[in-house]
Chemist: 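First the structure, then my questions, so here it is.
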Amino acid sequence: MSPETNSAQFKIRIIGAGNAGAAILGKLKNIGCQAELAATDTDLNALSLCGVENIFAFGGNLTDNMGCGGDAALAKEAAIANIAGIRKLSEGADALIIVSGLGGGAGSIAAPIISKLAVENGVKCLINFCVMPFSLEGKERADLAAKAFKYLSKHSNAAISMPNDVILARSKLPVKDALNQANECAAKAVCAIADMMMQRGIINLDFAAFVKIFEEKGRSAFFAHSEGYGENAVEDAIEALRDCPLLNGSFPKAKNLLVGVVCGESFEMTKMQLLLEMLKSKLKPSGRIGFSVATSPDFDSKIEMRAFGICDESQTDTVSENLEQTAEPSARQSTSESPHETFSNSAREPSQKSVPAPPHRRPSTKMPEEDIARNRDVDVAQAAPASTPMPPPVEVEESGQKKKRKGIFGFGRGKEESENEESESVKQEEFSFMEKSQQRGFFDDTPPNIRNDEDLDVPTFMRRNIKINLQTRD
Amino acid sequence: MSDSKTIAALEIGTGKMQVFIGEIVDGKNLNLVGSGQSATAGVKKADILDVRKAAAQAQAAIVNAERTMGATVKDVCLGISGTHIKGFRNIGSAGVSGADGIVREEDVERAKDDARNKILTDGKAYIHRICCGYYVDDNFTISPVGKYGSRIDAEYWMLYGDVDRISDAIHTVQSFGLNVEHLVFSALASALVVSSAEQKNAGVLVVDIGCGTSDYVVYKYGRPMQAGVIPIGGDHITNDLSFGIRLSRANSERIKIHCGKATITEDERNEKFWSFGDKQIGDKKIPMDAINKVIRARLEELFLLLRAEIGDFMGDGFLREAVLTGGTSNLAGICELASAVLELPCAKGSFAESVDEKLRYQEYATALGLLEYARERETEKKPSSPIKDAFSKLFKL
């Protein structure tokens with residue numbers, strides 16, 4: 001391997017373009033990202049606030065370094081006037097990650113220009129990470145963002161879009177915190193991408209392999225990262241991966257796939273195998289697969305997982321999907337939050353699993369066995385005089401809803417679906433258990449104890465595929 | 001002349017049959033006059049599978065208790081649990097009838113009737129219909145009478161079970177000529193002795209982790225808000241262990257009791273135990289890590305199911321703490337695990353001063369609670385005494 005392709009020596013630079021890009025870079029700095037950071041915008045003020053040392057304001061005289069006010073034409077003029085400075089941003093870097101908030105002036109213009117110049121400068125791997133505008137910001141911005149993104153995905157090895165809507169629609173936080181959270185989410189993702197390139201671990205992915213996976217330009221890419229804790233870290237992480245805001249709650253069909261895992265030092269190989277099998281069965285990569293593992297002494301039972309890849313051509317374009325979906329979740333969210341429609345939780349998106357604050361009033365719940373619809377919807381706030389008949393009964397559907405948690409020790413999840421999908425994966429000899437239904441032992445003569453489609457009489461560790469090691473070393 | 005009544009509290013448990021006989025004097029003082037225990041038979045997961053065997057064992061326990069007391073009992077306060085027990089929330093409403101808009105006793109009664117009279121499907125019967133509180137025009141209150149509003153709702157937690165199973169339990173007692181005076185869900189009984197009035201007021205979750213099932217009850221504002229059964233108990237841990245460390249059931253049980261830990265430290269992880277301890281052929285060392293993994297997986301599942309079930313009450317500081325009781329709560333490290341999963345401070349049940357020290361075992365919580373329940377019902381019958389006797393609860397063996 002030639003020295004310049006060794007990831008220990010090559011340079012990764014992350015450039016934040018536009019106001020949003022600079023803000024995310026500020027977060028990145030706080031997280032402690034190892035890569036070189038550089039921010040650029042037309043607004044010098046915003047740049048100096050983001051806390052990144054290496055900044056370049058390309059507004060110049062045209063905007064008096066005060067931002068372009070979302071005017072793309074103005075930003076373009078300014079960028080062309082200062083093209084030499086922008087070119088410098090990507091000089092000397094082997095890999096470049098451009099973080100931008102599309103839809104505004106500076107971001108939508110600067111990101112494509114930097115991308116183009118970076119390719120000219122000989123950057124070997126170019127990744128674009130774009131935050132898409134809110135749907136409520138208007139069609140104009142959405143169109144501009146879509147246009148910019150299309151350009152970026154054509155010219156970079158991988159372009160990832162993060163729809164702002166999806167992240168914020170779930171959030172009941174105050175505006176500032178919500179935006180902060182969105183930025184943090186983006187920063188974490190970007191940092192994870194950079195880590196994947198840089199990390200030295202047990203199994204390494206060299207930079208050449210990384211580039212190989214993203215060799216073809218113009219393909220839609222996806223990226224997701226997640227964490228898992230405790231005994232079921234693997235299952236948790238896979239589940240959380242799907243819920244990653246960057247994936248919109250469903251696994252894309254991958255062509256080339258890159259998997260990065262960071263785990264504790266005691267993480268077992270069987271679990272690693274399980275993880276890879278599960279991930280493969282979910283993402284169904286049809287081409288190259290790259291894989292890296294690093295251990296961290298701080299991790300203990302925690303694992304961190306990243307999946308980065310390009311989508312299978314035969315599949316629908318996730319990018320356009322993303323763009324279309326930006327409008328949907330928020331619309332759904334707003335209807336489900338209106339006071340007249342609180343009874344149907346099951347209509348919610350599976351991705352919107354944020355645990356709601358306990359309601360002021362607890363609704364009646366159905367008897368699990370029967371459907372007598374005498375329960376009233378609790379939020380029908382009409383005072384009913386005793387003589388008038390009750391309003392028509394509305395069923396409160398709660399029992400049917402599967403509660404899923406992302407946090408520590410996630411149980412009760414759709415085990416079956418993963419099993420079905422795993423059918424094609426390689427059989428693991430370590431888990432040579434008998435049929436699950438036969439493993440009831442003491443409870444053989446009792447009726448099954450079914451909760452959430454699982455027989456609770458079957459040992460938990462078997463249902464969770466927890467490996468029990470009885471070997472003693474002495 | 002004092003008026004006394006003798007009542008036996010019988011818990012038909014999966015692990016044991018426990019009987020306490022109490023003497024309720026003047027409807028307020030309670031003296032424990034007898035106790036008996038016997039092994040259990042025909043009961044699994046707190047469900048009576050074989051009425052005849054269970055009845056024989058229950059009778060043996062009662063006879064034992066009667067012997068210690070030297071007299072016989074007629075009435076039994078019976079604890080019930082089992083996987084068939086379920087609950088749901090029901091809200092009944094009534095309009096405020098008075099022209100002045102002040103809620104009156106009659107309005108409350110109508111709302112309560114509306115909530116209570118929900119018809120169950122065939123083959124089901126109510127065990128408890130617990131009034132959790134009221135809403136006057138959507139504002140929660142404990143005492144609605146006198147409040148101003150246009151509508152009153154009564155919130156009920158309806159606990160019900162299979163008619164067949166409930167009658168099995170009652171038949172078990174009736175088969176040897178005793179009368180079931182009260183039928184009480186076991187967690188409600190346990191909560192009476194292991195949590196204080198202050199705890200119940202501030203919000204407490206009491207979990208009775210027995211051999212067959214884990215029964216829970218949520219208290220807030222001094223009232224039970226929700227109760228139910230998670231069909232996992234100590235037997236499940238033993239069964240899991242027998243699969244996980246490949247030992248007989250008896251040995252697994254022994255390992256569970258002596259070496260079982262729900263949470264372990266890094267140092268303990270490398271400890272090992274001899275499976276039989278006699279160092280004969282077949283004896284092998286079992287790593288603590290393996291034992292812990294099996295137990296932890298099971299208990300984590302239990303607490304997660306519990307957490308999902310009481311989801312309405314999680315967060316917002318609605319619950320202040322969790323109290324674990326029942327035989328399985330003696331497992332080392334279980335409180336730490338419970339508080340990690342439930343995100344609540346967690347402790348084992350503590351008994352009131354009045355309970356004799358010899359009786360302060362988590363296994364006895366249900367049976368003691370049953371006696372306390374009987375006493376409370378007796379007190380309700382005789383509301384004559386204006387001053388509540390502070391020393392009313394006097395357990396003496």
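In the text below, chain A, chain B and the rest are named by the order of the sequence lines, each starting its count at 1.
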Chemist: To the nearest 0.5 Å, how far apart are NZ in B:K220 and SG in B:C132?
Modeler: 13.5 Å

Chemist: Please rank B:D235, B:I232, B:I291 by heavy-atom pairs under 4.5 Å with chain A and give me the top one.
Modeler: B:D235

Chemist: Let's test your reading of the structure: which of B:M158, B:M225, B:K44 forms the most heavy-atom pairs below 4.5 Å with chain A?
Modeler: B:K44

Chemist: Is a donor on one side and an acceptor on the other found under 3.5 Å between the side chain of B:R151 and the backbone of B:Y135?
Modeler: no

Chemist: Check each atom of B:S242 against the heavy atoms of chain A and say whether the ones under 4.5 Å are side chain, backbone, both or neither.
Modeler: neither

Chemist: For a quick test of reading the model, state the closest non-hydrogen atom pair linking B:D114 to B:N90 and the distance between them.
Modeler: O-ND2, 4.5 Å

Chemist: Quick one: what part of B:L305 sits under 4.5 Å from any heavy atom of chain A, side chain, backbone, both or neither?
Modeler: side chain

Chemist: On the ring face of A:F461, is B:K293 found with NZ or CZ under 6.0 Å from the centre and within 45° of the axis?
Modeler: no

